[in-house]
Structures are given as C-alpha cells and as structure tokens.
Participant: 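Before I ask anything, let me first share the structure, which is written out below as structure tokens.
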Amino acid sequence: MVNDMNAMTPEWTQEIGRRREGLVGLRRDFHRHPELSFEERRTAEIIAERLHAAKLEVRTGLGRTGVVGVLRGDRPGRTIAWRADIDALPLTETFDAPFTSSKRGVMHACGHDGHAAIAITLAEILAARRREVPGTAVFVFQPAEEVFGGAEPMIAAGALDNPRVEEIYGLHLTTQTAVGQVGIVSGPSMASADFFDVHITGRGGHGAYPHLSIDPITAAANILLGLQNLVSREVSAHETAVLTVGQIVGGTKHNIIPASAVMRGSLRTFNEAVRGQIKGRLADFAAGIAQAYRTEARLTFEGDGCPAVVNHERQTAFVRECATAELGAEALNPGPPVMASDDMSLFLRQRPGCYFRVGIAPTDGGPYPHHAPEFQMNEDGLPVGLRLGLAVMLNALGA
Ligand SMILES: [Zn+2]
Ligand SMILES: [Zn+2]
C-alpha cells in the first residue's frame, strides 16, 4: 500500500486530457450500437481490436462474449484487474441525439457504454506509457451483467488466473451523483438480488359463482400482501430488505375466474444471513397462504441470484486515498449503500477489491434514472472516472 498518496504526475493527467474526445466518441459509438446480454459481439470485437492495437495480450470468448486484455508493464509490480461490464438493456430510447440507439428495443440505459469506453481508454493510456508501468494490469470486459449471467462464467474461464490477479477494481457510473463526486463505500455497498416466481393453481369458473371455483387471483393478492409482512415481521429492524412483486399475470376477462395465476418478484438485501433467512421462508410462506384459500402455490427461484457487493476495507480505504489525492476530499460523496445489484460481487468474492460509483448526473434537473428509456448521462463524468481509475491502477500496480 502506498503510504503518502500523491496525485498523478502531469504527464499522466495530460494523457487523460488528450484522450477526452476519443473517450466520449467511443462511448457514443457503443451507445449508438447497444447489444443485449450475451449478444455483445460487435462491442467485444471493438474491445479486442483496440486492445490488440495497444499491444495487450487478448483473450476473447470468455463467458461467451467476454474479453480479457493483459498488459505487462516494464517495471516490477503487482497484478491488478480492472473490470467493466458491457451489455445494454431491452428498452427503446426516447432521447434524441446523433448517437441515440440505432436499434429499437435495445439501449444502453445503465452506463455500461461508458464503463467499456473508460476501461479501453485506461488500457490504452497504460499501454502508451508501458515503460513507466509497474506490474501487470488485467482488463476484464464482462458481458451480461444485466442478467447477472456474465461474471460467473468469466471467473470459471480463468479471467482472474494466468496471470493470477491479486486485487480487482471497477466503477459504476450513476446519474444519482453529480459530476465530480464519487461514492466509495466500505463493506456492503450494493444489495443482493434474487428473482422468484410464484405459480398459484386454483380451479376456474364463472365470476358470479366463486363458491363453485377456487380463485387464484384472491390468493395471489393475499400472498402479495403477506410477503410484505414476512419482511416486516421476521427481519430485524436493524437490517434492510426489499421485496417487490413486479408482475402478476392471470385471467382473461372481468367475469371469469381463471384456473391459475403467476407472480414474479425480487428480493434485495445486504446481509447474506438475512438473504438466506427470507429465501428459506418464501416458499413455505406462499404455500401456507395459498392453502388458506384452497389454492396451491409453488415458489421457484431463477438461478442462484446475485450476492451483495461487499467492498474490502483496506482496498476501499486505498481508493478513497486515490480519490482524495486526484479529486480532492470534497469529491467524496458519503452516500449510503444502494439497493441496486451488480455481479461484480462475484469477482469481489474471489479477490479483494473495491467497486465504486462515479457521478454522471445531467445538470438540467433530471432525473434520468438508470434502466429507463429517458436515461442520459453527463459525459463530463467520464474523464473523472478515467482519472480515478488510472490513479487506482497505477498506485495498486506499484504498491
Ligand atoms: Zn443496470
Ligand atoms: Zn449497471
């Protein structure tokens, strides 16, 4: 660990200024050509091309469409990874700009276009000054973050091995924070996420004669309310958990009682024990309420879900020192952990590190929420993220 953290030398910061236009251009290119989870072929191709051109060792096809670039500095040092996610979302963009998504129904509405552009530019800067770079930088471009599907297969494919990565860092851009501000939270900083389906089976019939049928809609309504009480009655008031039912499907008409209904929901928390506790109770709880209404409920989870992002204390303190040296203490936004989720958590279970937030809030009052068709970023935040990323990598590699 570096003891007295100094800001980067002017030679390094000039590199950022020189590449600012290219950084924004690259982000706009990704924005114009968004690709859904595990379909990031064009994006991966551009990443691989740029890394090749910068003379990194490039591996493609990790976790299907992931890319890893390895940059060996000329000086001895440590092996540090930088992770960026690269996928877009199934949304139709409403913002009108020359770089608006060219694909109807697909949109970079989470800032991953910016993450990819920052990571590429970061690799290119280090490559351009390789003689001064200590250690080995590993750039992990991960597909399919939005479906929590990309991190695990990339880890399984050896993204953190050969060379063996010692620590991992990365950033998420956020429109909830002003440009120039960064959020660096030690410990749990983003929530876990588990998605579940509840299938409720009854017996259909005429709406006028409910006593002759078994109504799954009424059962669904009571299960929905009950699930909220499960959180409020069984989770300690000192813990945080959010359970949301985002979809209910059932029935066809005003006066027909359908035979079945389906509810889909998500569970988020910061504590692995609480997560296990609620997950363990959900199926029994839903089934119990269903039974009271003579229906049957079967609750299933979609995959393994995504654990909470838990930043490691020492590495988080280190990123905070870098941010203070580069951006000033006033840039540190003490904001709370966020309920959104990110499968960066799986990398942070493998190696110590820190995943931090960088502000991109537009100045015209917004809001421009992530995962919404009206999402927009203030591109002035991109060089801020690049600068902090560069400082983190340089100091970690040489520490
Ligand atoms: Zn997202
Ligand atoms: Zn995201």
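Numbering of ligands and ligand atoms starts at 1, following listing order.
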Participant: Salt bridge check: are R19 and E15 linked by an N-O gap of less than 4.0 Å?
Facilitator: yes

Participant: Please determine whether C110 has a backbone or side-chain N, O or S atom lying under 2.8 Å from the Zn ion (ligand 1).
Facilitator: yes

Participant: Name of the H112 N, O or S atom nearest the Zn ion (ligand 2)?
Facilitator: NE2

Participant: Is the shortest distance from a Lys or Arg side-chain nitrogen in R83 or D343 to a carboxylate oxygen in the other one below 4.0 Å?
Facilitator: yes

Participant: Would you say the Zn ion (ligand 1) has E146 as a near neighbour, meaning an N/O/S atom of that residue under 2.8 Å away?
Facilitator: yes

Participant: Check for me whether R32 meets the cation-pi criterion with F99, that is, NZ or CZ under 6.0 Å from the six-membered ring centre and within 45 degrees of the ring axis.
Facilitator: no

Participant: Quick check: does H115 put an N/O/S atom under 2.8 Å from the Zn ion (ligand 2)?
Facilitator: no

Participant: Just checking: H371, one of its N/O/S atoms, less than 2.8 Å away from the Zn ion (ligand 1), yes or no?
Facilitator: yes

Participant: Using only heavy-atom distances, determine whether the side chains of D215 and Y293 contain a donor-acceptor pair under 3.5 Å.
Facilitator: no

Participant: State plainly whether the residues D113 and R27 are in salt-bridge range, i.e. N to O under 4.0 Å.
Facilitator: yes

